[in-house]
Each structure stands twice: as structure tokens, then as C-alpha cells.
Amino acid sequence: MAVMRLYDKPLMPVTRVMIILIIAVAGLFYVKWMPYYNKAFLASANHSIGKSILMGTSAQAPAPSWQAAFDYALAYGKAIWQAMVLGLLLGSALQEFAPRAWIAGKLGRANLSSVAVGGLLAIPGMMCTCCAAPVVIGLRRAHASAAAATAFWLGNTVSESGGSDLHGIRAGLEMVGLRLALGIPLVFGTGYLISRLSRLGDIAALRTQLSQVIAESAPESPSIRGWLTRFARLVIGLIPEYLVLVLILGATRAWLFPIAGPALGNDLGWIALMSAVGLLFVIPTAGEVPIVQAMLALGVGAGPAAALMMTLPPSACRHSP
Amino acid sequence: MTGKVLSIRVLAMISLVVFLMGIVAGLLAVLFKF
């Protein structure tokens, strides 16, 4: 009975914020910061952080088949499941426990200030798009603006790729510089662009919504039961969708990456094609590093490789929340 | 849940900007002879 009472008991605001902070800090430490720290030593010693998830050690991705789909989904699932669980826990906790008035005030406006806060909050996250998506859903439902949520979403993937160790890759340092130089305007520029594209009517409606949210935020009674319900809804809403997408992309990766050799040169056409393919495909955190490393070793031009390095982490089309 | 919390217009804008950034990255890599 005591457990049931705790389960349904409305939580104090301080307890709610503490739950969010503990999940965020302890989860990120275990799932992201510590493995990244260890991975840096691995990369330094071996000049590699593993095999390409796309094609392993072979020169070509496997032909489209159920086996190719299943193998890719399994490799992808093994790589991301911990971060995905963290994303789902954090996203559902934000929906249930987040101080909505604070989020609406700091992240709820369609202006540069909200975009900046969204982008800066993402820096410690270093999540791939699929794992950041539940958190973006949580933020949006806690009344963050589309512009701030976009900055948060892209900021995660850019900080993830900015933190990737490219030691051992041809022009690794230059690639890091390029990703940071383009990643910062990508995060803040896209968020700002979205805020500018909001119609005047949208902004007026947002302001009204913001005042209502602040007025209505006091009488909530969030509980552990509510959190678990939201967690279950996120799992049911997101996981089957992810599974289908990963299976399809895993099966068809040989069509998306038909060649990997000197024929994939520095022409504008190849660069644009690899940019588009990178946007469509899904990879785990830092998965683009061994993919590009393998492609460069097979003689692919630096132009298409850099395009892939830039567009694979945000893969915005596929894992849209 | 696709499109439920970010509109299609926003998702299209993000995709376009990322795509263009990829092309810029590729061209810069060629220009600076990576």
C-alpha cells in the first residue's frame, strides 16, 4: 500500500526538478561522457574507433535482403539502446515533471534568445537524432518553441559529431574544424531561420499560449504513475516507427551507397548525392567516423566524404520527432 | 510520432539546411585539399 501511495502521490516541484537532473546527469555520464572518454584513448591507440556499421570490413554494403535488414537493425540496436532508454526516460520525465512556466519563459519564444538557450542546453547531450527525439518531444510538450527545440535537436548531433575523435582519419583535424565551423551556424542559424519564418499570426498565438501556460502551470499534480504512463506512450509511439525505418534502411543500404572507391570523386554531383544520402541514412552516435574512414581508405574523394561527415549525424529527415 | 511536435514545414527547412551544409562541407574539403 505504501508503494501504491508513493506511486500516485503528487511530487513537490523540487523533487520533480531533482528527478530530471539526476536522470540527465547520471544517464549522460554513464551512456555518453564516460564511454566517449574511453573511446578517445581507444582512438589514440588504434587510430580507429571500430568497423563501419555500413559495410564492416568489406568494400561494399551487402545486397538488399531480409538478412541485411536484420543484421543492420541488430548492430544499430546494440549501439544505441542505452542512449535510447535514456532519451525515453528523460523525454517522459520532461513531459511530466518539467517546470513548464520556466521552459515556456526560456525556450518558448520564437527569438534568438530561446534558440541560444536550446542550442547551449544540447551541448552536454551529444545524442544521435533518434535518442534526442524523445527529449525534443518532451520539450515541445513542455511548451518549448519549434525554433528552440530545433536548436536543441541539431545541437545534440553537432556536439556529438564535434566531440567525435577523428584521430587517425585522413585530414581528421581539418574535418573536426570543418564540422565545428559549419555546425555552429547550422544549430543557431536554423533555429533562428525557423523563428523568422514563423508568421506574425503564429507569434501572436504563441504569446497568448505562453501567458496561458504560465497561468495554468501551478495546479498540476505530476506523479510517478504519470511519468511511467508517458514513458509507455513514447515507447509505443516511437520504437515501432524506428524499427521499420532501420530495417528498410538496413536492407537498402547497398542502393544508397552503391560504390565506395576512386570512382566516387570530388565532382559536385557526387558531393550533392552523398549529402542527400547522409540526410536519409541513420547511424548511431559517432558511427559516421568509421564509415568515412573506411570510404577514404577505399579511395573515395574528400569532398563526398566531408559531405557525409556533415550530414550523417543530423539525418533530420528520418528521425523526425 | 513523425510530424506531431515539429511541423512538416520545419522538418523540410531543417533537411534543406543540413543538405546545403553538406554540400558546403564537401566543397570546402575540395577547396582546402583535405
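Values reported hereafter were calculated over all heavy atoms of this structure, with side chains retained and with hydrogens, waters and symmetry mates removed. So you know, we letter chains A, B, ... as the sequences are listed, proteins then strands, and number each from 1.
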| said: Please evaluate residues B/V18 and A/T190 with respect to the criterion side-chain contact (heavy atoms from CB on, under 4.5 Å), reporting the C-alpha separation (whole Å), side-chain torsions for both, the decisive distance (0.1 Å), and the verdict. | reply: CA-CA 9 Å; B/V18 173; A/T190 312; over 6 Å; no
CD1 of B/I14 to OG1 of A/T150, rounded to nearest 0.5 Å, is 4.0 Å
Across all chains, not counting sequence neighbours, the side-chain contact (heavy atoms from CB on, under 4.5 Å) partners of A/V235 are A/L88, A/F231, A/I239
key: A/S275 side-chain N/O to B/F19 backbone N/O, donor-acceptor pair under 3.5 Å   = yes
Note: B/G22 and A/T311 closest approach over all heavy atoms is CA-CG2, 3.5 Å
Among residues 262-271 of chain A, residues within the sub-4.5 Å heavy-atom range of chain B, in order of number, are A/N266, A/L268, A/I271
Closest non-hydrogen contact found for A/L279 with B/S15 is CD2-O, 3.4 Å
Under 4.5 Å to a heavy atom of chain B? For A/L186 that would be both
Heavy-atom closest pair (B/M21 atom, A/M310 atom, distance to 0.1 Å) is O-CG, 3.8 Å
